[in-house]
Amino acid sequence: MTLRRVTVLGATGSIGTSTLDVLGRHPERYRVHALTAHRSREPLLAQCRRHRPAVAVLDAEEDAAWLRGQLAEAGLATEVRAGREALVEVAEAREVDAVMAAIVGAAGLLPTLAAVKAGKRVLLANKEALVMSGALFMDAVTRHGATLLPIDSEHNAIYQCLPVEHRGGLGRHGVTQLLLTASGGPFRGWSRDALGRVTPDQACDHPNWSMGRKISVDSATLMNKGLELIEACWLFDARPDQVQVVVHPQSVIHSMAAYSDGSVIAQLGNPDMRTPIAYGLAWPERIDAGVEALDLFRVARLDFEPADEAAFPCLRLAREAMAAGGTAPAVLNAANEVAVEAFLAGRLGFTEIDELVARVRDESPVAPAADLETILEADVLARRSAHAWLARQ
Ligand SMILES: NC(=O)c1ccc[n+]([C@@H]2O[C@H](COP(=O)([O-])OP(=O)(O)OC[C@H]3O[C@@H](n4cnc5c(N)ncnc54)[C@H](OP(=O)(O)O)[C@@H]3O)[C@@H](O)[C@H]2O)c1
């Protein structure tokens with residue numbers, strides 16, 4: 001069995017720790033090349049002790065110096081680097097076979113794209129990177145021969161439900177629709193009025209999934225489903241009208257593909273991200289993920305309902321951004337990141353998140369997303385516009 005070397009970008013996060021759990025179950029298959037974090041130096045130290053990576057990366061030099069000292073004291077040979085350049089280096093390093101892209105938000109774009117351009121197997125959890133740079137990203141996957149495996153449970157499910165070689169448009173394979181399931185988040189069924197009083201802790205308390213705070217808020221506003229809709233369009237060559245969001249509160253069906261002969265193929269499992277992570281690591285083989293087997297008798301029933309886009313306008317905003325094309329999805333993403341941060345800091349109400357996103361969208365011209373510079377500039381301008389709006393409140 002060939003040993004694969006893996007870089008985990010965002011190792012200290014929810015996806016990062018689940019990835020290390022799966023990797024740790026298969027020492028005969030995988031070695032950790034690099035682990036990265038933003039500021040979580042103590043959790044990263046614990047991970048270095050356990051997984052002995054060749055390289056560890058933190059954002060600030062001060063934190064990197066601290067980690068260097070601790071590792072030297074423990075007699076570990078891990079090299080410690082700091083800064084954004086170092087993220088790119090560990091993503092494209094020659095000795096690396098696979099990269100888990102699990103940094104949250106736009107910060108993950110450059111290292112994820114670097115892994116793609118280096119032709120790696122890229123396990124894509126960082127949906128924001130693809131939302132921002134869709135056409136450019138997918139073009140780079142093709143041109144550099146990267147293997148892109150979706151880790152978002154919905155996209156991973158659809159990937160499993162489609163024919164192995166599914167590029168070139170859904171129609172070619174008799175697929176009529178992608179059914180993207182959504183739990184509906186913690187506030188399913190709530191009125192707009194009640195949503196106005198939601199607190200950050202309530203928003204981060206997801207009924208089925210345990211996730212980082214940003215994606216938890218996105219799940220509560222349904223922006224997560226909107227970002228996933230855009231992600232699905234790029235990953236599977238789908239038009240927005242070919243992706244239907246289906247609220248399925250049990251989160252047992254992770255998504256489905258409908259075919260022209262009437263078949264609907266679904267992927268089911270317990271809501272545990274280690275399943276798509278293990279799939280992405282081992283594809284086309286299967287490995288143990290440490291996930292409990294699905295007990296259908298305990299699940300007992302599966303419910304489905306349409307999403308309430310009046311109470312949760314983020315889904316519509318995302319669909320409109322995808323239809324507008326160009327830099328519109330990057331603007332949507334940047335405005336949402338600023339809004340979620342402000343909400344988590346107690347500076348913005350829950351229902352003001354979509355208001356802020358809509359306001360920034362209205363103020364931002366859409367340009368063709370011809371190159372990375374244009375996309376990054378749209379991101380910066382949208383953040384500026386969002387901060388200006390916040391300052392006026
Ligand atoms: N959690 C899930 O179940 C789930 C499911 C599907 C998709 N995803 C996607 O996976 C990605 C990660 O989600 P998560 O829930 O694992 O997030 P998370 O728990 O917040 O972890 C984020 C990771 O990224 C690092 N990070 C944050 N800001 C950074 C920056 N500016 N530069 C470099 N690194 C940075 C964090 O380091 P520190 O610890 O030092 O802050 C941490 O390691 C997101 O794009 C999310 O949408 C997550």
Side-chain angles (χ1 to χ4, degrees), residues 7-21 34-47 56-60 63-64 66-67 81-88 90-91 99-112 114 122-132 149-157 180-183 185 204 206-221 223-228 230-232 235 251 254-255 269-277 279-280 291 318 333-334 336-337 340-341 344 379 383:
T7 281
V8 184
L9 301 169
T12 48
S14 163
I15 293 290
T17 48
S18 293
T19 303
L20 288 174
D21 181 278
L35 295 177
T36 86
H38 190 222
R39 298 207 178 97
S40 302
R41 60 191 202 178
E42 284 177 18
L44 190 61
L45 170 62
Q47 292 182 341
V57 180
L58 281 158
D59 186 53
D63 289 328
W66 176 87
L67 185 60
R81 298 187 201 159
R84 290 182 195 179
E85 272 301 307
L87 291 177
V88 168
V90 296
V99 175
M100 165 54 82
I103 290 176
V104 62
L109 175 59
L110 294 181
T112 305
V122 179
L123 282 67
L124 184 71
N126 179 211
K127 66 193 84 183
E128 296 92 342
L130 183 57
V131 166
M132 291 174 73
L149 289 153
I151 297 303
D152 237 328
S153 59
E154 295 78 358
H155 305 76
N156 188 271
L180 196 63
T181 55
S183 69
C204 289
H206 195 278
N208 306 336
W209 296 95
S210 155
M211 309 179 284
R213 283 172 80 77
K214 193 261 177 182
I215 187 179
S216 296
V217 176
D218 284 348
S219 297
T221 60
M223 179 58 93
N224 184 49
K225 213 45 59 181
L227 298 176
E228 288 179 4
I230 298 174
E231 187 185 6
L235 284 172
S251 297
H254 298 308
S255 278
N270 282 317
D272 188 323
M273 289 306 294
R274 290 176 300 173
T275 296
I277 291 167
Y279 182 89
V291 175
N333 179 65
N336 181 57
E337 284 192 27
V340 171
E341 211 177 284
L344 287 171
D379 173 90
R383 281 171 203 271

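Position 1 is the first residue of the sequence, and the numbers go up from there. The basis for the numbers below is simple: all heavy atoms, side chains too, and nothing from hydrogens, waters or symmetry mates. Remember, it's 1-based here, ligands and their atoms both numbered in the order they're listed.
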Considering only protein heavy atoms, which is closest to atom 41 (O) of ligand 1, and at what distance to one decimal place? H38 CB, 3.8 Å
Rounded at 0.5 Å granularity, tell me how far CD1 in I230 sits from CG in L235. 12.0 Å
Which residue owns the protein heavy atom closest to atom 46 (C) of ligand 1, what's the atom, and how far is it? I215 CD1, 3.8 Å
What's the shortest distance from atom 31 (N) of ligand 1 to any protein heavy atom, and which residue and atom give it? A107 CB, 3.3 Å
Exam field: side chain H254 to backbone G269, donor-acceptor pair closer than 3.5 Å: yes
For A11, counting its heavy atoms only, list the atoms of ligand 1 lying under 4.0 Å from any of them. 43 (O)
For A37, the atoms of ligand 1 under 4.0 Å from one of its heavy atoms are 37 (O), 40 (O)
G212 N/O under 3.5 Å from ligand 1 N/O: yes
Counting C-beta onward and ignoring hydrogens, is there a side-chain heavy-atom pair between V340 and M223 closer than 4.5 Å? no
Donor-acceptor contact present, side-chain D59 to main-chain R84, <3.5 Å: no
Mind checking whether S14 and W209 have side chains closer than 4.5 Å, heavy atoms only? no
List ligand 1 atoms under 4.0 Å from T12, heavy atoms only on the residue side. 37 (O), 38 (P), 39 (O), 40 (O), 42 (C), 43 (O)
For atom 47 (O) of ligand 1, the protein heavy atom that lies nearest, with its residue and separation: K127 CE, 3.1 Å
Indicate yes or no: does E341 engage R383 in a salt bridge with an N to O separation below 4.0 Å. no
How about M100 and I151: do any of their side-chain heavy atoms sit closer than 4.5 Å? yes
Could a heavy atom of D59 be found less than 4.0 Å from some atom of ligand 1? no
Which residue is it: T112, L149, V99? I am looking for the one with a side chain to side chain contact (heavy atoms under 4.5 Å, CB included) to L124. T112
Do me a favour and list the nearest non-hydrogen protein atom to atom 21 (O) of ligand 1 with residue, atom name and distance? G13 CA, 3.1 Å
For atom 7 (C) of ligand 1, grab the closest protein heavy atom and report residue, atom and distance to one decimal in Å. D152 OD1, 3.3 Å
Do you know which of D152, N333, D218 makes side chain to side chain contact (heavy atoms under 4.5 Å, CB included) with K127? D152
Before signing off on this row, confirm whether S14 and ligand 1 have an N or O atom pair separated by under 3.5 Å. yes
Taking atom 45 (O) of ligand 1 as the reference point, the nearest protein heavy atom with its distance: E128 OE1, 2.6 Å
Heavy atom of the protein closest to atom 16 (O) of ligand 1 (residue, atom name, distance): I15 N, 2.9 Å
Polar contact flag for S153 and ligand 1 (N/O pairs, less than 3.5 Å): no
Any chance you could measure L44, atom CG, to D63, atom CG, to the nearest 0.5 Å? 10.0 Å
Nearest non-hydrogen atom to atom 17 (O) of ligand 1 belongs to which of I151, I103, V104, V8? V104
Report the C-alpha distance between E337 and D379 in whole Å, list the side-chain angles of each, state the deciding distance to 0.1 Å, and finish with yes or no for side chain to side chain contact (heavy atoms under 4.5 Å, CB included). CA-CA 10 Å; E337 284 192 27; D379 173 90; 5.8 Å; no
Would you please determine whether M273 falls within less than 4.0 Å of ligand 1 on a heavy-atom basis? yes
Quick check: N224 and ligand 1, any N/O pair under 3.5 Å apart? no
